[in-house]
Amino acid sequence: MMIRAEAGWEVRCDRCDHGYRTATDDRAVATGTARINGWAINDLTLCPGCATTADYSAQH
């Protein structure tokens, strides 16, 4: 989930309490930056750890 933060955007994982905060005002740039840093942003927003676990579970 993308939340408007005090100075930019915050990405919050839908499965755990991890968050990633960006300093940009542009939501598209914030989304791209989070994806570059391993976040999966689709129907669910998953941190790198949860995204890896979800991918592994889907394959087995």
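All values below come from the heavy atoms of this structure, side chains included, with hydrogens, waters and symmetry mates left out.
Applying the side-chain hydrogen bond (donor to acceptor under 3.5 Å, both in side chains) rule to pairs touching residues 23-34 yields R4-D25, sequence neighbours excluded.
Annotation for C47 and C13: closest pair N-SG, 3.3 Å, computed over non-hydrogen atoms.
Residues that satisfy the salt bridge (charged side-chain N to carboxylate O under 4.0 Å, His left out) test with R35, not counting sequence neighbours, are absent from this structure. For R12, the salt bridge (charged side-chain N to carboxylate O under 4.0 Å, His left out) partners at least two apart in sequence or on another chain are E10. Not counting sequence neighbours, D14 has no partner by the salt bridge (charged side-chain N to carboxylate O under 4.0 Å, His left out) test.
Through direct or indirect side-chain contacts shorter than 4.5 Å among Ile, Leu, Val, Met, Phe, Trp and Tyr, I3 is connected to M1. Taking a 4.5 Å side-chain heavy-atom cut-off between Ile, Leu, Val, Met, Phe, Trp and Tyr, the cluster of M2 extends to W9, V11, Y20, W39, I41. Residue L44 belongs to a hydrophobic cluster whose other members are L46, with links defined by side-chain heavy atoms closer than 4.5 Å.
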